[in-house]
Amino acid sequence: MSKFTPTPSLLSRENQDKLLHACIWGAAAITIFFLLWVVWHILSNGLSYVSWEFITGSYTRIGEASGIWAMIVSTVYMVLLSLAIAAPIGIMTAIYLTEYAAPGSKFVQVIRFCTESLAGIPSIVYGLFGMTFFVTTLGLGFSILSGSLTLAMLILPVIIRTTEEALMSVPMSYREGGYALGSSKIYTIWRLILPSALPGIVTSVILSTGRVIGESAPVFLTAGMVTQIPESVLDSGRTLTVHLYKLTQELFTQHEWDQAYATATVLIVLVLVLNLATKIIANKLNKAL
Amino acid sequence: MNTATKAPTQGLQLAPKKAIDITEKFFHILFFCSAMVGVLSVSTIGWFVFNEGLPAFKEAGVTEFLFGKEWLPPALYGIFPMIIASLISTAGAVIIGVPIAIFTAVFLAELAPKWLADIVRPAVELLAGIPSVVYGFFGLVIIVPAIESIFNIPAGNTILAGIIVLAIMILPTVITISETSLRALPSVYKEGALALGASHIYSIFKVLIPAAKSGIFTGVALGIARAVGETMAIIMVMGNAPAMPGSILEPARTLTANIAMEMSYATGIHSSALYATGIVLLGFIVLLNGSLLYLNRKRAY
């Protein structure tokens, strides 16, 4: 055999097609398999342990009290406060970018660049920053407020980008119509543009709710992990994800396993509900257009 | 303004208009200030991370810090084992996850019947929303014991476990973005290929995927960013020993895990070293985004 003979293809073109076809179906099957496996494994082990007592009960590390009410309250505080800080700023930034700034101007580019950079920073670096800046330098301590401020910075890019897209999809004629009727700019934005962009804005809020619930590393570095129900925003609190993390570090008794599975179940159900809410709003949006 | 002097009767109507002008101005400034918050946030974070991290570089020396093999605070600060662990776990996740993700994206965009795609797509979105601690927990109870029994080792908390968990975690990111960019292609690409007698599969791999390359690269880059930045899931499954790993069947600690595990009690130069670890992490992300820009620009020419 000469060196230069091209090696004949092992597979005919037809068989190559079949092989690739099989690969594609196989890959899709693997993706679905893992999804079902993760969700099924958690739910099948956790659902039976989720009860009213588990959800509303109190928690002690040693002993029988294994409820997650304090964690649910902390998580809700964290979500509400982060959104209360980030949503107005994010929405107003998006309004500025779409309605006020000259498109493509240097300033808009700078803001875009900064938003993209914010989105690219790993969440642990937010935790690092939040711990030094909010917890220590500003003296807010390990508190819901420190955690919320940190997470607000983290979700800001999500809110800005999603709201911007929603605002840009509002037809130009709405603005023209508003001005033609003699409305001022702010009145047009408030009465015409924001209402028609509302589904998109709500979507951005739901997406960031998911982010706040799902984050853990920056949360335990800034909000701490006290298992008491926080009485004010300056109290430390433990969110559900941080709680699951702490539970997994001490999986010795069946009781602790059950708690971990049940907490993971609650988290997955939360994600399902949020996903469903986004779907419903997206459907409404499609119908409206 | 001119009309006011010409027709004094209209002066009354102009007065409220002036009030509106002030409201307009107020909101304009308010929106502008909001827009500055993002800029301010990035600069504060950047300034803090560098300001806090630089003393460690000075104290330990840049090469000692980056290539030192021992992490023994407060004596030795070498993060080379962590850099290696981050690189290996990310590379492994990409090698396993990206092909599966791209094939799944092709499946959703081209092969799947509409009803099936309509079930799989929301499922993939669900996969994206699951908190990383849940993935970590899954890895801890399923993947870690599986590795123990398959490879017959005492502890399954290894780089391999991290790789598998990360591979699952990057799937949704890569799938969603690749599918979007495949769907965004003009239909003439496919029609042209089919008209020339290419099979469907052939046109997918020789025409559609190359055409959607920049979108797929973006998806892969975001997947890599997610893998590099992931913290909790990694802490839960990878064992966290700050020593140089000998193989993927040994425990290791990534850059992110190093920060998360020691930050709560670190002080002084130790804390500064963790900030410096953050700088290295940011360096990875900048490098990643830079190469993505380069690749996409190169393609545009």
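Letters A, B, ... mirror the listed sequences (proteins, then strands); counts begin at 1.
Looking at Thr278(A), there are no atoms closer than 4.5 Å to chain B (heavy atoms on both sides), in backbone or side chain. The contact between Met236(B) and chain A is made entirely by side chain atoms (from C-beta outward), counting heavy-atom distances below 4.5 Å. With a threshold of 4.5 angstrom between heavy atoms, Ile100(B) approaches chain A through its backbone and through its side chain. Residue Leu40(B) does not touch chain A at all, counting heavy-atom pairs closer than 4.5 Å. Glu230(B) does not touch chain A: none of its heavy atoms, backbone or side chain, sits under 4.5 Å away. Residue contact with chain A, scored on non-hydrogen atoms closer than 4.5 Å, involves the backbone and the side chain of Thr44(B) alike. Using a 4.5 Å cut-off between heavy atoms, Leu127(B) touches chain A through backbone and side chain atoms alike. Contact annotation for Lys279(A): only side-chain heavy atoms (C-beta onward) come within less than 4.5 Å of a heavy atom of chain B. Of the atoms belonging to Leu247(A), not a single heavy atom falls under 4.5 Å from chain B. Interface remark: Leu288(B) contributes no atoms to any contact with chain A (heavy atom separation under 4.5 Å). In this structure, chain A has heavy atoms under 4.5 Å from both the backbone and the side chain of Ile45(B). With a 4.5 Å cut-off on non-hydrogen atoms, Val134(B) touches chain A through its backbone and its side chain both. Ile285(B) touches chain A through its side chain: at least one heavy atom from C-beta onward sits under 4.5 Å away, while N, CA, C and O do not. For a residue to count as touching a neighbouring chain, one of its non-hydrogen atoms must lie under 4.5 Å from one of that chain's; by this rule Ile268(A) touches chain B with the side chain only. Pro122(B) touches chain A through backbone and side chain together, each having a heavy atom under 4.5 Å away. Of the atoms belonging to Tyr275(B), heavy atoms from both backbone and side chain fall under 4.5 Å from chain A. Both the backbone and the side chain of Leu118(A) come within contact range of chain B, with heavy atoms under 4.5 Å apart. Using a 4.5 Å cut-off between heavy atoms, Ile175(B) touches chain A through its side chain atoms alone. Of the two parts of Val49(B), only the side chain, counted from C-beta on, holds a non-hydrogen atom closer than 4.5 Å to a non-hydrogen atom of chain A. For chain B, the nearby part of Val39(A) is the side chain; its heavy atoms alone come within less than 4.5 Å. In this structure, the portion of Val125(A) lying under 4.5 Å from any heavy atom of chain B is its side chain and not its backbone.
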With side-chain contact (heavy atoms from CB on, under 4.5 Å) as the criterion, how do Phe31(B) and Ile91(A) come out once you've worked through the C-alpha distance, each side chain's angles and the decisive distance to 0.1 Å? CA-CA 9 Å; Phe31(B) 293 151; Ile91(A) 293 169; over 6 Å; no

Might you work through the side-chain contact (heavy atoms from CB on, under 4.5 Å) test for Ile186(A) and Phe26(B), ending with a clear yes or no? CA-CA 10 Å; Ile186(A) 188 70; Phe26(B) 169 75; over 6 Å; no

Before giving the answer on side-chain contact (heavy atoms from CB on, under 4.5 Å), spell out for Leu156(A) and Val37(B) the whole-Å C-alpha distance, their side-chain angles and the decisive distance to 0.1 Å. CA-CA 9 Å; Leu156(A) 196 58; Val37(B) 172; 4.2 Å; yes

Might you work through the side-chain contact (heavy atoms from CB on, under 4.5 Å) test for Phe137(B) and Tyr245(A), ending with a clear yes or no? CA-CA 8 Å; Phe137(B) 179 56; Tyr245(A) 169 65; over 6 Å; no

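With rounding to the nearest 0.5 angstrom, the CE atom of Met232(B) is 4.5 Å from the CZ atom of Phe220(A). In this structure, OH in Tyr187(A) is found 13.5 Å from CZ in Phe27(B), a value given to the nearest 0.5 Å. The CG atom of Asp21(B) lies 13.0 Å from the NZ atom of Lys185(A); values are rounded to the nearest 0.5 Å. Within the model, atoms CZ of Phe103(B) and CG of Leu20(A) stand 6.0 Å from one another, a figure rounded to the nearest 0.5 Å. With values rounded to the nearest 0.5 angstrom, Ile24(A) atom CD1 is found 11.5 Å from Ile102(B) atom CD1. Interatomic distance, CG of Leu274(A) versus CG of Leu126(B), reported as 10.5 Å (0.5 Å rounding).
In this structure, Ser41(B) contributes its side chain and Met153(A) its backbone to no donor-acceptor pair below 3.5 Å. A donor-acceptor pair under 3.5 Å is absent between the side-chain atoms of Glu24(B) and the main chain of Ser184(A), judged by distance alone. Judged by distance alone, the side chain of Glu125(B) and the main-chain N or O of Asn275(A) form no donor-acceptor pair under 3.5 Å. Tyr100(A) places no side-chain N or O within donor-acceptor distance of the main-chain N or O of Ile29(B), the cut-off being under 3.5 Å.
Counting all heavy atoms, side chain and backbone alike, Ser117(A) lies closest to Val42(B) at CB-CG1, 4.3 Å. Among all heavy-atom pairs drawn from Ser199(B) and Asp17(A), the shortest one is OG-OD2, 2.5 Å. For the residue pair Ser132(B) and Ser216(A), the shortest heavy atom distance occurs at OG-OG, 4.2 Å. When all heavy atoms are compared, the tightest approach of Pro131(B) to Val271(A) is CD-CG2, 3.7 Å. Closest approach of Pro122(A) and Gly229(B) over heavy atoms only: CB-CA, 4.0 Å. Annotation for Ile111(A) and Ala35(B): closest pair CD1-CB, 3.4 Å, computed over non-hydrogen atoms.
For the set Ile279(B), Leu222(B), Ile142(B), the entry with the most heavy-atom pairs within less than 4.5 Å of chain A is Ile142(B). Most heavy-atom pairs under 4.5 Å with chain A: of the set Val124(B), Leu30(B), Leu111(B), this distinction falls to Leu111(B). Ranked by heavy-atom pairs under 4.5 Å with chain B, the list Ile95(A), Thr93(A), Leu207(A) is led by Thr93(A). Between chain A and the residues Tyr135(B), Phe138(B), Tyr202(B), the largest count of heavy-atom pairs under 4.5 Å involves Phe138(B). Chain A forms more heavy-atom pairs under 4.5 Å with one residue of Thr104(B), Val141(B), Ile201(B) than with any other, namely Ile201(B). The candidate from Pro172(B), Ser271(B), Ala260(B), Ala112(B) with the greatest count of non-hydrogen atom pairs under 4.5 Å with chain A is Ala260(B).
The aromatic rings of Trp25(A) and Phe107(B) sit perpendicular to each other, their planes meeting at more than 60°, with 30° as the lower class boundary.
Residues of residues 26-33 of chain A lying within less than 4.5 angstrom of chain B, judged on heavy atoms, are Ala27(A), Ala28(A), Ile30(A), Thr31(A), Ile32(A) in numerical order.
In summary, of the residues considered (Thr277(B), Ile259(B), Leu274(B), Thr254(B)), a side chain to side chain contact (heavy atoms under 4.5 Å, CB included) with Ile124(A) occurs for Ile259(B) alone.
Every ring-ring contact (aromatic ring centres under 6.0 Å, His included) that Phe32(B) has, sequence neighbours left out, goes to Tyr96(A), Phe107(A). For the side chain to side chain contact (heavy atoms under 4.5 Å, CB included) test, residues two or more places apart in sequence or in another chain that qualify with Trp40(A) are Ser44(A).
Within the structure, side chain to side chain donor-acceptor pair (under 3.5 Å) contacts touching residues 261-272 of chain A (residues at least two apart or in different chains) are His41(A)-Tyr261(A).
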